Amino acid sequence: MKNAARSLLLVACCLLSACSSPSLAPDPVLRARVDGLNKEAFLNRYSDIPRSLDCGWQALTLVNDSLPGYTDGRMRAFNNLAYAYYMLDMTDSAHACLDSVELLDPSGSNAEVEHTIAQLTRIRLLQRECRLAESYGLLHDVGDISSLRRQRHRNDANAYLYDFARMEYYITSLTLNYHYRNDAVASSSGTELTPDTRDRMQLILDRVEADMPSFKCDYSEVLALNYAIAHSHYRLAAVSTDKLPALSRAFQYIEHSQRILDMPGHYCDYHQANLYQLRAFIGADTSWGDDLLRLHDSLPLLPVSVDTVLDLFHRSTDMFFDTPDPYQHLGAVVAAAEYCLRVGDTVQAEDYYAMALADTTWRDGMAPKFEAMLYDGLLRSQLSTFDFRLSTWYDRQVSLLSFISKNEREDVLLQRRLDTSQSRNRFYAWATGIGAAFVIILTILVFMLRRRSVRLRRETLALQLAKRQDVERIANVETCLSVLRHDINPFLSYLQNKNLSPALRQEVLDQLLRTFDNIKNWTSLSIPSGLQFRASVFPLEEVFESVNASCARLDHDVDLIFYPTTLQVRGDRQLVEILLRNLVNNALQHTPEGKVTVYAELYPDDNRFVHIEVDDTGTGMDADTLENLFRADKTINVGHGFGLILCRYIIKIHDDNTLRGCRIWAESTPGQGSTFHCLLASEGNKDWSPEPWRKNNKHDYGTHQDNDCGR
């Protein structure tokens, strides 16, 4: 009733605190007080269990009263209380505390590790009650705690908590296999281990011994883990052909634990009793046979005489009775009495059994395996002679053995199911791995094929481009010959005129030379790596003056007008002169009378460009002529020569080497004249303003031939 009432109180306390929410920021002083109480409860869990219990309750009360939002502190307090109740064998209260941990909101920074610790404590409770299938099922659910190892590195401030959980996992795993399975008896004498259990214990031992150097926890946990490892090595030695290596490892951990207990402030009856009892178990084991003396020569701590073993059992029993743990009371008495019966000391055995019967701290069902061994010993001892309790003991023993046998069968069935599931999972993992590898290989092959396809496509495009370039070169040669014939025919006609004045004849010859120079420049520009682009910033006025001085005016009825300009251009000055000279010569050639005007301004739509116009009052062009004006394969047929082809190439080179967007286009009206426009990169013209004589009309660029080299 007391345990049940305490359980209800704990669950109600947990639910009340879980529903509350913090209204203020946590008080660091109160939080430090809670952490201090929890730490004190943790450190006293073996040496002073009542003190541990009191500190745990103080921490929980303080959290509930003053820090309702401190989930980590509440979980730690419940886990400390559960461990204390486990040590006192108050099962109901321990389970209630563990239930409270699981009911709390898992929002704390340490929530996962506290839940894991609660599960491990519950597994220990189930093991004591011989509920093996349930305990192993929970242990299987906990997993390999690899996530705790990763979290520990991210939360170094609470490293001891994560290491405590990992150490408890190893202790719980080893204890289940060496003590609660395989019909193990209290003294572990003559108990065989199944091959699966041996393999499982060895695997756990390898893992824990590899992890031990990194553990940081209190000395009590180190002592508990040392005991579990030493006991496991001893059990493996008992069933091994070569016993010495494993037994030596067991005594290394026993000696290490004894050195810790001999340190000032580290002595604890509970851990010292464990060491005495383990040495007694080893000395009482009948599996050593004739090798006992040989083993003793290598291991001086190994007890070989009956008196020594009896003395160790007596010491451990007395020490365990000084602790408040009734489970250990019963286990110590049964182990010592069992050995006394085996060596024929029935008087001492009767004394131990009488001690067990007189002990009021243990209860029925507390430890079914120890209790069954107690009744078995009572039935075999002198105390059972003509005792009226004989039938009661016998019935109780049969009931306990039936309960234990049932749980062991359930454990075996569960283990088989888990092993089958694990094998199936391994098969699925292999299948998944092979499938993933196949997918990866297939992906790599597809990627390689795709890369090869892209490479082949690029090579094909390069071949096509080279072919087009070859065709274009051939076309250029043909075009060159056609243009050459087209451009020089008028001048040849002039030269055949015998009445031509010497001055005009010289002008015609100069024009022929400029035509050949155009062909040379166009050929250099149209061949890759030909004429090099030399960028600079230069005044456009100087280009106007140079072009004005070099243009041929065979018909003096045409006026050539260059409007002054202060604009500057970024580009290749030589190419810009060639560009403008060809535009002007083209305008003069197609203007029988009137005028040709050249002027420049900042482009109204984008001040990054200088807009140059060459305007004439000549014959003009129709729409078909405009459409083919800048095409190298069509220009000759529409009555224009190399000049416009060369202009297109010059604009393209400027577009590639300066701001993208340089372009050239033309507008024309048949019978009224044409206007050629080009855009070049502007530089240093921020303060430019139009001259007062500049044209005021706005141009309509609606119908024109546009050669946008930037697209």
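As a basis for the values below, the full set of heavy atoms in this structure was taken, side chains included, without hydrogen atoms, waters or symmetry mates. As the structure is a computational prediction, the values presented were derived from the model and not from experiment.
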### Query
Atom OG1 in Thr71, atom CG in Leu104: separation rounded to 0.5 Å?
6.5 Å
### Query
Among Asn548, Val547, Val614, Thr565, whose side chain to side chain contact (heavy atoms under 4.5 Å, CB included) with Val598 holds?
Val614
### Query
Asp72 and Ala111: which non-hydrogen atoms are nearest, and at how many Å?
OD1-N, 4.0 Å
### Message
Quick one, Phe215 with Tyr170, criterion side-chain contact (heavy atoms from CB on, under 4.5 Å). Give me CA distance, side-chain angles, the key distance, then yes/no.
### Response
CA-CA 12 Å; Phe215 287 147; Tyr170 288 129; 3.8 Å; yes
### Message
For a quick check under 3.5 Å, do Asn79 and Glu114 share a side-chain donor-acceptor pair by atom type?
### Response
yes
### Query
To the nearest 0.5 Å, how far apart are CD in Glu667 and NE2 in His677?
3.0 Å
#### Entry: Full working for side-chain contact (heavy atoms from CB on, under 4.5 Å) between Leu575 and Arg534
CA-CA 9 Å; Leu575 294 180; Arg534 296 178 176 85; over 6 Å; no
### Message
To the closest 0.5 Å, what do you measure between CG (Asp616) and CG (Asp559)?
### Response
13.0 Å
### Query
Under 30°, 30 to 60°, or over 60°: which ring-plane class applies to Trp665 and His611, parallel, tilted or perpendicular?
parallel
### Query
Are any of the side-chain heavy atoms of Val569 and Glu683 separated by less than 4.5 Å?
no
### Query
Salt-bridged, Asp35 to Lys39, with N to O below 4.0 Å?
no
### Message
To check you understand the geometry: which heavy-atom pair defines the closest contact between Gly618 and Pro592, and what is its length?
### Response
CA-CD, 4.2 Å
### Query
Below 4.5 Å, heavy atoms only, C-beta onward: do Phe538 and Val543 meet side chain to side chain?
yes
### Task
Would you mind reporting whether Cys217 and Phe164 have side-chain heavy atoms less than 4.5 Å apart?
yes
### Modelled atom types, side-chain donor and acceptor of Thr625 and Asp622, under 3.5 Å
yes
### Message
Just so I know, are the side chains of Ser674 and His590 near enough to count as touching, which here means a heavy-atom distance under 4.5 Å?
### Response
no
### Task
Specify the closest pair of heavy atoms between Asn38 and Ala77, including all atoms of both residues, with the distance to one decimal.
OD1-CA, 3.2 Å
#### Entry: Step-by-step side-chain contact (heavy atoms from CB on, under 4.5 Å) determination, Leu629 to Leu626
CA-CA 5 Å; Leu629 191 61; Leu626 275 175; 4.3 Å; yes
#### Entry: Gap separating the CD atom of Gln568 from the CZ atom of Arg570, nearest 0.5 angstrom
10.5 Å
#### Entry: Side-chain ion pair, Arg166 and Asp211, N-O less than 4.0 Å
yes
### Message
Among Leu161, Val34, Val113, which residue satisfies the side chain to side chain contact (heavy atoms under 4.5 Å, CB included) criterion with Arg76?
### Response
Leu161
### Message
Nearest 0.5 Å, please: how far is CG in Leu679 from CD1 in Ile651?
### Response
7.5 Å
### Query
Can you check side-chain contact (heavy atoms from CB on, under 4.5 Å) on Gln672 and Thr617, steps first, answer last?
CA-CA 6 Å; Gln672 297 184 17; Thr617 59; over 6 Å; no
### Message
Before you tell me yes or no, could you show the steps for Lys652 and Asp656 under salt bridge (charged side-chain N to carboxylate O under 4.0 Å, His left out), namely the whole-Å CA-CA distance, both residues' side-chain angles and the distance that decides it to 0.1 Å?
### Response
CA-CA 6 Å; Lys652 181 180 184 303; Asp656 292 339; 3.2 Å; yes
### Message
I need the Leu540 CG to Phe544 CZ distance, nearest 0.5 Å.
### Response
4.0 Å
### Query
How about Arg33: does its CZ atom have over 12 heavy atoms from other parts shown lying under 6.0 Å from it?
no
### Task
Report yes or no: does Thr591 contribute a side-chain atom to a donor-acceptor pair with the main-chain N or O of Val596 at less than 3.5 Å?
no
### Query
Considering residues at least two apart in sequence or located in another chain, which fulfil the salt bridge (charged side-chain N to carboxylate O under 4.0 Å, His left out) criterion with Glu221?
Arg45
### Summary
Smallest heavy-atom separation, Asp615 atom then Thr675 atom, equals OD1-OG1, 2.7 Å
### Message
If you apply the rule side-chain hydrogen bond (donor to acceptor under 3.5 Å, both in side chains), what do you find for Asp572 with Ser536, and how did you get there?
### Response
CA-CA 6 Å; Asp572 187 312; Ser536 64; over 6 Å; no
### Query
Is the closest side-chain heavy-atom distance between Phe562 and Val584 below 4.5 Å?
yes
### Phe676 side chain near Ile612 side chain, heavy-atom distance below 4.5 Å
no
### Message
I'd like to know if Arg455 and Glu459 make a salt bridge, using a cut-off of under 4.0 Å between side-chain N and carboxylate O.
### Response
no
### Task
Evaluate the side-chain proximity of Ile561 to Lys595: yes if any heavy-atom separation is below 4.5 Å, no if none is.
yes
### Query
Under a 4.5 Å cut-off applied to non-hydrogen side-chain atoms, are Leu644 and Asn582 in contact?
no
### Task
Identify the heavy atoms of Val610 and Ser682 that sit nearest to each other, and give their distance.
CG2-CB, 3.7 Å
### Query
Between the main-chain N or O of Leu449 and the side-chain N or O of Ser453, is there a donor-acceptor pair closer than 3.5 Å?
no
### Query
If you take all heavy atoms of Ala681 and Cys662, which pair is closest and at what distance?
N-SG, 4.2 Å
### Message
Before you tell me yes or no, could you show the steps for Phe609 and Tyr603 under ring pair (Phe, Tyr, Trp, His ring centres under 6.0 Å), namely the whole-Å CA-CA distance, both residues' side-chain angles and the distance that decides it to 0.1 Å?
### Response
CA-CA 6 Å; Phe609 297 100; Tyr603 191 43; 7.0 Å; no
